[in-house]
Amino acid sequence: MRVIVVGAGYAGVIAANRLRRRSDARVTVINPRPDFVQRIRLHQHIADTGAATVPLADMLRPGIDVHVGTVDKIGDGALRVEGGSELEFDRLVYTVGAGVAAPAGTFGVGTWEAAVAAREALRALASGGRVTVAGAGLT
Ligand SMILES: Cc1cc2nc3c(=O)[nH]c(=O)nc-3n(C[C@H](O)[C@H](O)[C@H](O)COP(=O)(O)OP(=O)(O)OC[C@H]3O[C@@H](n4cnc5c(N)ncnc54)[C@H](O)[C@@H]3O)c2cc1C
């Protein structure tokens with residue numbers, strides 16, 4: 001059985017590792033990057049106080065294939081990865097997470113791409129520059 005897991009966050013990594021235990025499952029994980037992003041540490045990446053990524057190879061059981069890319073179309077038994085390649089599956093696990101769009105003029109913390117942009121903006125800030133944090137939860 002060919003199983004594709006779309007999205008290698010917490011849910012996708014755990015699902016892939018559990019499915020790999022089944023001897024009849026060939027598991028492929030598709031993720032935009034070869035790293036696992038710890039979303040709960042993105043604020044540390046932004047503030048440059050800690051790392052937020054771990055290589056996926058260190059997280060996944062041996063025998064799981066990793067395909068780096070972003071899925072942009074899913075059909076009946078096949079999907080397309082941005083850029084053109086098509087992959088076939090018998091079962092699909094869709095674990096792409098959730099996000100909140102940051103309003104224009106702000107930097108979000110919820111995705112790797114947003115955190116990278118926020119960190120760069122902070123680094124470019126002149127000394128003494130003012131930063132406003134919207135939202136006073138733990139993050
Ligand atoms: C700043 C921050 C702090 C948090 N702190 C906590 C906390 O302290 N405790 C807690 O329990 N939770 C916390 N959360 C929530 C927690 O991070 C999420 O609940 C969790 O990440 C959800 O896991 P997930 O696997 O569903 O999705 P994600 O971790 O978001 O993983 C989804 C993956 O799918 C990939 N993906 C998306 N679209 C595609 C596509 N089209 N094709 C291929 N891949 C795709 C993404 O790039 C990503 O790698 C926090 C979240 C944030 C943003």
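All of these numbers come straight from a predicted model, not from anything done at the bench. Counting starts at 1 for both ligands and their atoms, following the listed order.
- Protein heavy atom in closest approach to atom 42 (N) of ligand 1: V71 N, 3.0 Å.
- The closest donor-acceptor contact from the side chain of T28 to the backbone of I4 lies at 3.5 Å or more, if one exists at all.
- The option with the heavy atom closest to atom 24 (P) of ligand 1, from among G137, A11, A114, is A11.
- When the heavy-atom distances from atom 33 (C) of ligand 1 to G9, G97, G69, A98 are ranked, the shortest goes to G9.
- Ranking protein heavy atoms by distance to atom 48 (C) of ligand 1, first place goes to N31 OD1, 3.8 Å.
- Considering G135, A52, P32, A8 only, the shortest heavy-atom separation from atom 45 (C) of ligand 1 involves P32.
- A search for side-chain hydrogen bond (donor to acceptor under 3.5 Å, both in side chains) contacts involving R39 returns nothing, not counting sequence neighbours.
- Looking only at heavy atoms of the protein, atom 12 (N) of ligand 1 is closest to I40 CG2, 3.8 Å.
- From the protein, the heavy atom lying nearest to atom 53 (C) of ligand 1 is G110 CA, 3.5 Å.
- No part of V37 comes within 4.0 Å of ligand 1, judged by heavy-atom distances.
- For atom 17 (O) of ligand 1, the closest heavy atom belonging to the protein is R39 CB, 3.4 Å.
- Residue-ligand proximity, R33 to ligand 1, at heavy-atom distances under 4.0 Å covers atoms 47 (O), 49 (O).
- Set against the non-hydrogen atoms of V109, the atoms of ligand 1 under 4.0 Å away are 1 (C).
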